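The structure under discussion appears below in the form of structure tokens.
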Amino acid sequence: MLRIEGRIVNHDAEFNGAIEINLHTGLIERIGLVEGRSDVDTTGCLIFPGFGDIHIHAREDASGTQKYKEDFASASAAAINGGVVHVADMPNNPIAPIDDSTYAAKESLTASSTVHVTLYAGIGPHTKPLTNHVPYKAFMGPSVGDLFFTSQAQLESVISNYRGKNVSFHCEDPEILEANKNAPTHEQKRPASAEISATEFALHLIEKYELVGKLCHYSTRGGLKKILAARARGLRVTLEVTPHHLFFDDSMLTEENRLWLQMNPPLRSPKDRLALIAALKRGDIDYIATDHAPHTLAEKMQGASGVPHLDTYGAFATWLMTNHNFSAQDIARVCAFNPGQFVREFLPTSFGEGFGRIAPGYTGSLTILNPNKPSTVSRDSVKTKCAWSPFEGHTFPGSVDSTIIRGRIFPSQ
Ligand SMILES: [Zn+2]
């Protein structure tokens, strides 16, 4: 039994107590009172249900051709470094998991990961649903990889076979991207109107085919109103936001940092950024999901889109608390409870009630943050194989004290 005493934070309650994790089952067995006999010193810390990042690109697949930049072992080291205890991995690999056999082949590779990996299956122009219950991802327009559509009509003809399924959408309208492809900057090539148009179409598909929908890395304030209106009429749709769309905006771009901060969708205006922070705090946006994209420094110099984030997930959460007045319970909601709810139905039974809450029967994985011990990001502080961070040189107000995976302690270095 592992016993941890201290300040416990769930999304709906905060209290002093003791957590007992059964080391054989890996599940939380009991919540009790503080008795002054903790196996971990949590002085000055907050104990959260383990954080979940439900949008990452770990880059490992059956081809093995992208393991030079990340694999499941290095991605899980980065996750633990950032206080993340489970992840969900996207399907845009060279050998994409799009049917039963390619999905099983990729799933066998996740055995090398210390944190649990939920795999999305890809939806492309010629795919059909898998036999097993899995989450799906649809790239509406071209991004990184070959799984994309060139028109909305083509996408709808495929989605019509996925009625009732759990589908996440990358919302950028391919026709608007095509019309702007010769614009001078990355932001102008991929304008807000592309996301807003694709949002309308995704909501139409979610409604018509009764999908359980999720919109990935949401970035525009213009689309939010349409989503809230759709929710009000009963659509099942949730929203992700990335740390980079909350921390950076297009007014911060310079000739020096522009290549490092290139991603899809691109950085938006300061007004969009502040609207996203407010929506996340209010509960209109559901998850902090990073879109962790571990491209090498050389690839970034050549214009690759995407930035790595797993290592900095927990420290970033302390920035929201200090700089934007998020309560500890707000952090538990967007970093732990909601991500736990998303993956719950896809977990093996050995995870009990799953992730996202500190209560008996839930997985014994925890994120212990010290919100008042600052941490500075450097190339030496990250475990991702690509070995850089968009936050290099930045000091966050807090840090990850330790990460607990099913009763096993990983102190931060
Ligand atoms: Zn992504």
Side-chain angles (χ1 to χ4, degrees), residues 52-61 66 69-72 75 78-79 82 84 86-94 96-98 106 110 117-124 134-149 155 166-174 177 186 190 194-195 198-199 202 213-220 223 238-248 260-268 276 285-296 299-300 303-313 316 339 342-343 384-386 389-390:
D53 186 350
I54 58 170
H55 186 143
I56 74 156
H57 299 267
R59 296 290 166 207
E60 183 168 355
D61 72 347
Q66 298 190 336
K69 47 184 174 182
E70 197 82 293
D71 54 31
F72 286 118
V84 171
H86 71 99
V87 295
D89 189 60
M90 286 295 169
N92 56 331
N93 303 109
I98 51 170
K106 187 174 173 187
T110 66
V117 183
T118 301
L119 293 182
Y120 291 90
I123 295 178
V134 300
Y136 295 90
K137 169 73 180 287
F139 295 84
M140 298 173 90
S143 184
V144 176
D146 301 324
L147 282 177
F148 63 84
F149 296 86
L155 174 61
N166 182 309
V167 181
S168 293
F169 292 91
H170 177 133
C171 291
E172 287 188 287
D173 184 328
L177 298 187
H186 187 71
R190 309 183 82 107
E195 182 169 88
T199 298
K214 171 159 69 67
L215 309 186
C216 297
H217 36 60
Y218 214 72
S219 68
T220 57
T238 57
L239 288 180
E240 302 173 357
V241 67
T242 69
H244 47 266
H245 289 113
L246 298 172
F247 192 88
F248 300 105
W260 304 113
L261 293 176
Q262 179 175 312
M263 68 277 294
N264 305 331
L267 296 180
R268 304 296 189 191
L276 294 172
I285 294 178
D286 302 274
Y287 324 94
I288 297 179
T290 65
D291 200 8
H292 174 74
H295 300 298
T296 64
E299 288 167 333
K300 288 303 286 178
S305 290
V307 296
H309 272 308
L310 276 170
D311 287 276
T312 47
Y313 193 104
F316 177 78
F342 180 79
V343 300
T384 173
K385 208 185 267 190
C386 71
S389 165

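Every number for a ligand or one of its atoms is a count from 1 in the order of the listing. On a predicted model such as this, the values are computed, not experimentally measured, just so you know.
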| said: Checking one value in my table: which N/O/S atom of D291 lies closest to the Zn ion (ligand 1)? | reply: OD1
| message | If you consider just the N/O/S atoms, which atom of H57 is the closest one to the Zn ion (ligand 1)? | response |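 So the atom name we want here is NE2.
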| note | With L119 as partner, the option from V87, V134, T110 fulfilling side-chain contact (heavy atoms from CB on, under 4.5 Å) is T110
| field | N/O/S atom of H170 inside 2.8 Å of the Zn ion (ligand 1), strictly under | value |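 False for H170.
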| Under 3.5 Å side-chain donor-acceptor pair for H244 and T242 |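 Their side chains do contain a donor-acceptor pair, which is all the 3.5 Å distance test asks for.
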| request: State whether a side-chain donor-acceptor pair under 3.5 Å links D311 with T384. | output: no
| query | Can you find a heavy atom in the side chain of K300 that is under 4.5 Å from one in the side chain of V307? | reply | yes
